[in-house]
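The structure appears right after this line, and notes come after that.
Residue numbers start at 1 and run along the sequence shown. Just so we're clear, the structure is a prediction, and the values are computed from it rather than from any experiment.
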Amino acid sequence: MALTDNTTGGRIILQGIGKVRIALSDTVEVGDMLGVSSNTWVRALATTPNQVHARLVAGQAGISGEEIDAYPLAVIGGLTGMTIGALVYVAEGTLKGEVTATAPSTTGDVNAPVGISLTATDWFAHPGSMPVYHDADHLA
C-alpha cells in the first residue's frame with residue numbers, strides 16, 4: 001500500500017520539539033513541510049526548478065501573513081499506508097508541503113529524506129537535518 005498524506009485535517013502533531021514562531025507567505029496545513037523561498041516561509045516542494053528545501057514542520061494551519069508554531073523535529077500522525085522504517089521524502093509535482101515514500105528521481109529534484117516512518121500511520125520528521133541531493137544517483 002502506498003503512503004497517503006492526509007492533508008485535509010487528517011495530520012496531527014503527536015510531539016513537537018524545538019517550537020519556533022514563523023510568519024507565513026503561503027497557506028499551510030498541520031504537518032506540512034515548510035521551507036524558505038524569496039526570504040519567506042512557504043510549503044516545501046522537491047520539484048525543479050522551483051525547489052523549496054524542507055526545514056520545518058507546520059505545527060498549526062495558517063494563511064499568508066499569519067504567524068504559526070513550527071518545529072524542526074516532530075512526530076506526525078494521521079498518514080496511512082506507511083511501511084515501518086521506510087524513509088519519507090518531500091513530494092514532487094504540485095503537492096506542495098506533502099510527503100511521499102518514493103524518493104524523487106527526476107534530475108534536479110530535491111532527493112533528501114525528511115524523516116522515517118515509525119508505524120503505518122506515524123512518522124518522525126527531521127527536515128533540514130539530512131544532506132540534500134538533486135539527483136537520483138545520490139541517495140542519502
Side-chain angles (χ1 to χ4, degrees):
M1 178 182 235
L3 179 161
T4 301
D5 190 349
N6 299 309
T7 57
T8 55
R11 287 186 254 151
I12 57 172
I13 302 297
L14 299 171
Q15 181 178 7
I17 302 163
K19 181 173 72 172
V20 296
R21 295 285 289 174
I22 60 168
L24 297 173
S25 291
D26 200 353
T27 298
V28 305
E29 297 292 335
V30 171
D32 274 350
M33 295 294 100
L34 305 175
V36 175
S37 177
S38 300
N39 208 32
T40 62
W41 288 100
V42 298
R43 291 173 292 164
L45 186 64
T47 304
T48 188
N50 301 311
Q51 310 98 323
V52 177
H53 299 278
R55 298 293 180 231
L56 296 172
V57 177
Q60 299 173 285
I63 61 172
S64 184
E66 290 183 341
E67 284 191 7
I68 65 164
D69 293 338
Y71 302 95
L73 303 167
V75 177
I76 303 169
L79 283 72
T80 55
M82 300 183 88
T83 301
I84 295 172
L87 295 174
V88 178
Y89 301 86
V90 172
E92 296 175 281
T94 60
L95 303 174
K96 293 181 179 180
E98 296 184 35
V99 295
T100 180
T102 305
S105 59
T106 303
T107 299
D109 285 4
V110 177
N111 183 359
V114 292
I116 187 170
S117 58
L118 303 173
T119 69
T121 60
D122 304 340
W123 69 288
F124 176 65
H126 51 78
S129 64
M130 297 296 288
V132 174
Y133 300 111
H134 292 277
D135 61 55
D137 296 328
H138 296 90
L139 299 177

Closest non-hydrogen contact found for Ile13 with Ala58 is CD1-O, 3.8 Å
Shortest non-hydrogen pair, Pro104 vs Asp109, comes out as CB-CB, 4.0 Å
May I ask you to test the Val57-Pro127 pair for a side-chain heavy-atom distance under 4.5 Å?
yes
query = Do Leu79 and Val88 share a hydrophobic cluster, counting only Ile, Leu, Val, Met, Phe, Trp and Tyr and linking them when any side-chain heavy atoms are less than 4.5 Å apart?
reply = yes
Would you check if the side chain of Thr80 reaches a backbone N or O of Thr121 as a donor-acceptor pair within less than 3.5 Å?
-> no
Considering only heavy atoms from C-beta outward, does the side chain of Val20 approach that of Leu56 to under 4.5 Å? yes
For the pair Ser117 (side chain) and Ala86 (backbone), establish whether a donor and an acceptor sit closer than 3.5 Å, ignoring hydrogens and angles.
yes
Sidechain N-carboxylate O distance under 4.0 Å for Asp32, Arg11: yes
Rounded to the nearest 0.5 angstrom, the CG-CG distance for Leu34 and Leu24 is 7.0 Å
Applying side chain to side chain contact (heavy atoms under 4.5 Å, CB included) to Leu73 and not counting sequence neighbours gives Ile17, Phe124, His126
So CZ of Arg43 and CG of Leu95: to nearest 0.5 Å the spacing works out to 10.0 Å
To the nearest 0.5 Å, atom CD of Glu92 lies from atom OG1 of Thr102 at 8.5 Å
Looking at Gly108, is its backbone amide N or carbonyl O close enough to the side chain of Gln51 to form a donor-acceptor pair, meaning the two atoms are under 3.5 Å apart? yes
In this structure, CE of Met33 is separated from CD of Glu98 (nearest 0.5 Å) by 11.0 Å
Closest heavy-atom pair, Ser25 versus Val42, reported as atoms and distance to 0.1 Å, is O-CG1, 3.8 Å
| said: Is the shortest side-chain heavy-atom distance between Val75 and Trp123 below 4.5 Å? | reply: no
Any Arg55 side-chain heavy atom under 4.5 Å of Val36 side chain:
no
Using only atom types and a distance under 3.5 Å, with no angle test, would you say the side chain of Thr47 pairs donor to acceptor with the backbone of Gly93?
yes
Nearest heavy-atom contact between Tyr89 and Ala103 is CZ-CB, 3.5 Å
Taking every heavy atom of Val110 against every heavy atom of Leu45, the minimum-distance pair comes out as CG2-O, 4.5 Å
Pairs of donor and acceptor atoms involving the side chains of residues 60-68, under 3.5 Å and at least two apart or interchain, shall be tabulated with distances.
| unit_1 | atom_1 | unit_2 | atom_2 | d |
| --- | --- | --- | --- | --- |
| Gln60 | OE1 | Arg21 | NH1 | 3.2 |
| Gln60 | OE1 | Asp69 | N | 2.6 |
| Glu66 | OE1 | Ile63 | N | 3.1 |

When rounded to the nearest 0.5 Å, the distance separating CG of Leu87 from CD1 of Ile116 is 6.0 Å
One should read off an interatomic distance between Met82 CE and Ile76 CD1, to the nearest 0.5 angstrom, of 8.5 Å
What one should report as the nearest heavy-atom pair of Ala91 and Thr100 is CA-CG2, 3.9 Å
